[in-house]
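Working notes, beginning with the structure itself.
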Amino acid sequence: MEQNILMPQEHMPYLTLPVRKKDAEPYKVLAKSGQEIHPLKTYLEKAKNIVIVGHNNPDGDAVGSTIGLHLYLKNMGKESRVVFPNRCAQNLLWIDAGNISRNYQEHPREVTEIIERCDLLFVMDFNRLSRAEAMAPLLEKKDVARVMIDHHLEPDLESFVLAFSNTQISSTCEVLYRVIYNELDPSLIDANVGACLYAGISTDTGSFSYSCAHKELFATIADLVDRGLDTVKVHQNIFDNFSESRMRLLGRCLGERLIVKPEYQTAYMFLSEEEMTRYHYRSGDTEGIVNYGLGIAGIRFAAFFTQREDRVRISFRSQGNIDVNVFAKEHFNGGGHKNAAGGLCHESLEATVAKFERLLPGFYEKSIRPDAC
């Protein structure tokens, strides 16, 4: 039985709507070449078995948007299933209070059957099927209408019959709110849906420290508060809900693995696979650690390297006009947003960090120092 994420409080009636300039679109509606674009309602009305998919290593935006859409569809009278490639972080489990989702890593047969039965597939917070990693072949093989709701750059439109995309706003949860407002019925957003959307917005903006310089975002939050959202409770559930081992892992990063390069306005951290095993790493435990580098005075570019098996994952964060998306794409097979991106390297941890250090002086001259002038 599904549980309430947050008990609705007494609140004022729905009073506010997102404010946007007449010439500003809430998102782009896209589709693969030659594909006739039908309204989202048309797909929903026909669907009997809806599946909602989040990306590998689901973060707050992935979990918030998938579970939020599931709860919204339930309010519409539509049933759906939520699946992820692997388990989400411990501090996000409260979003899935009713044990709604299944992950492929732990339940491969069940997830396979869920996908094989579906007749409508929502892809949330990623725009290329490959980001589902081990689950990607299932999504590619299934001949079904796929709908993308996302905010990342360069979507692979050939994989979707319908795509709602805005790369300029905070999060997929904000895109989802705009889709509901413009395409569906916003009156069906309740406190539980609002909690999910706020979880994604707050995590993908680093607690409102980036990607949030537009008033529409705060109008959206004001509307969710009118509908019963408790922002304090959501913040506590996300940021005051880590395991002891995760906190000790953070201590290891800050105490022993923090490298500061003031001459390049850069800080980075790294963790080996042995260290992650020693501190009982679970999926999501390293989420947000990269942001601590930007907390140092004078630091405007931060990176975090984590080694798992035969690969090194890298998170990049920046301030101002320093474009880490381009840096990640050109050098580390990655991408993302201007101030928040990720990459991947199949060399050793030592070789990956050494490569980063070789690239740093050039990146500083090209992107960091000129931006500071």
Side-chain angles (χ1 to χ4, degrees), residues 55-60 62 84-92 103-106 130-131 133-134 203 206 239 241-296 299-318 324-325 327-336 340-364:
H55 58 70
N56 195 63
N57 295 326
D59 57 7
F84 297 112
N86 56 1
R87 187 179 177 88
C88 71
Q90 179 177 327
N91 69 314
L92 299 175
N103 76 77
Y104 182 72
Q105 186 177 49
E106 296 176 348
S130 60
R131 286 226 49 207
E133 298 206 4
T203 53
F239 299 105
N241 196 21
F242 292 109
S243 66
E244 178 186 347
S245 60
R246 191 269 184 185
M247 299 304 288
R248 295 188 183 279
L249 183 70
L250 172 61
R252 176 70 173 179
C253 290
L254 297 176
E256 305 294 335
R257 293 292 181 255
L258 173 63
I259 307 297
V260 181
K261 300 281 187 178
E263 67 273 27
Y264 300 125
Q265 296 180 280
T266 297
Y268 69 86
M269 291 174 278
F270 60 92
L271 284 173
S272 68
E273 185 170 21
E274 183 276 326
E275 288 173 308
M276 295 174 75
T277 300
R278 188 195 321 165
Y279 288 94
H280 310 291
Y281 168 82
R282 295 181 63 181
S283 179
D285 279 353
T286 56
E287 185 71 24
I289 290 180
V290 63
N291 296 318
Y292 283 88
L294 293 180
I296 302 171
I299 298 302
R300 306 179 68 236
F301 176 39
F304 182 41
F305 303 82
T306 54
Q307 179 189 42
R308 298 292 290 172
E309 298 177 350
D310 62 342
R311 65 185 66 182
V312 177
R313 293 187 181 275
I314 316 151
S315 295
F316 299 108
R317 296 292 185 272
S318 67
V324 294
N325 170 61
F327 183 75
K329 184 184 299 184
E330 290 181 350
H331 302 294
F332 291 101
N333 304 301
L344 190 67
C345 187
H346 289 278
E347 298 183 60
S348 67
L349 177 61
E350 293 76 12
T352 303
V353 172
K355 177 181 178 180
F356 173 78
E357 290 193 330
R358 288 196 303 270
L359 294 168
L360 188 54
F363 185 63
Y364 173 77

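Worth knowing before you read on, the calculation uses all heavy atoms, side chains too, and leaves out hydrogens, waters and symmetry mates.
- The line from CD of Q265 to CZ of R300 is 5.5 Å long, rounded to the nearest 0.5 Å.
- Distance CG/N333 to CZ/R311: 11.0 Å, rounded to 0.5 Å.
- Partner F270 forms a side-chain contact (heavy atoms from CB on, under 4.5 Å) with one of T306, V312, I259, L258 and no other, that one being I259.
- The pair E256-R278 fails the salt-bridge criterion, with no side-chain N (NZ, NE, NH1 or NH2) lying under 4.0 Å from an Asp/Glu carboxylate O.
- Pairing each heavy atom of A328 with each of G335, the nearest pair is CB-N, 3.7 Å.
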> Y264 and F301: side chain to side chain contact (heavy atoms under 4.5 Å, CB included), yes or no, with the steps?
Replying inline: CA-CA 8 Å; Y264 300 125; F301 176 39; over 6 Å; no
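- Residues Q105 and N86 share a closest heavy-atom pair of OE1-CB, 3.6 Å.
- Of all the heavy atoms in L294 and I299, the pair that sits closest is CD2-O, 3.9 Å.
- L249 CG to R252 CZ: the interatomic distance, rounded to the nearest 0.5 Å, is 9.5 Å.
- Under the 4.5 Å side-chain criterion, counting only non-hydrogen atoms from C-beta, R313 is in contact with N57.
- Between the side chains of E263 and Y364, no donor-acceptor pair of N or O atoms lies under 3.5 Å.
- Summarising the geometry, atom CD belonging to E330 is positioned 9.5 Å from atom CG belonging to N325; distances are rounded to the nearest 0.5 Å.
- The aromatic rings of F356 and F332 lie tilted to each other, with the angle between the two planes from 30° to 60°.
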>> Could you go through D285 and F242, starting from their C-alpha distance and side-chain angles, then the distance that decides it, and tell me whether this counts as side chain to side chain contact (heavy atoms under 4.5 Å, CB included)?
In response: CA-CA 8 Å; D285 279 353; F242 292 109; 5.7 Å; no
>> Go through it in stages, so that I can follow the logic: the residues are T266 and F363, the test is side chain to side chain contact (heavy atoms under 4.5 Å, CB included), and I'd like the CA-CA distance, side-chain angles, deciding distance and then a yes or no.
In response: CA-CA 11 Å; T266 297; F363 185 63; over 6 Å; no
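- M269 approaches L254 most closely through the heavy-atom pair SD-CD2, 3.9 Å.
- The backbone N or O of S272 lies less than 3.5 Å from a partner atom in the side chain of E275, making a donor-acceptor pair.
- The shortest distance between side-chain heavy atoms of R317 and F304 does not fall below 4.5 Å.
- When all heavy atoms of P85 and N56 are compared, the pair lying nearest together is CB-OD1, 3.3 Å.
- The aromatic rings of F305 and Y268 lie perpendicular to each other, with more than 60° between the two planes, well past the 30° mark.
- The two residues L271 and M276 come nearest to each other via the heavy atoms CB-CG, 4.0 Å.
- With a 4.5 Å cut-off on side-chain heavy atoms, R248 and H280 do not count as touching.
- Not one N or O on the side chain of E273 forms a donor-acceptor pair closer than 3.5 Å with the backbone of Q307.
- One distance of note links SG of C345 with NE2 of H331; it measures 12.5 Å at 0.5 Å rounding.
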>> Working note: N91 + R246, criterion side chain to side chain contact (heavy atoms under 4.5 Å, CB included); need CA distance, chi angles, decisive distance, verdict.
In response: CA-CA 10 Å; N91 69 314; R246 191 269 184 185; over 6 Å; no
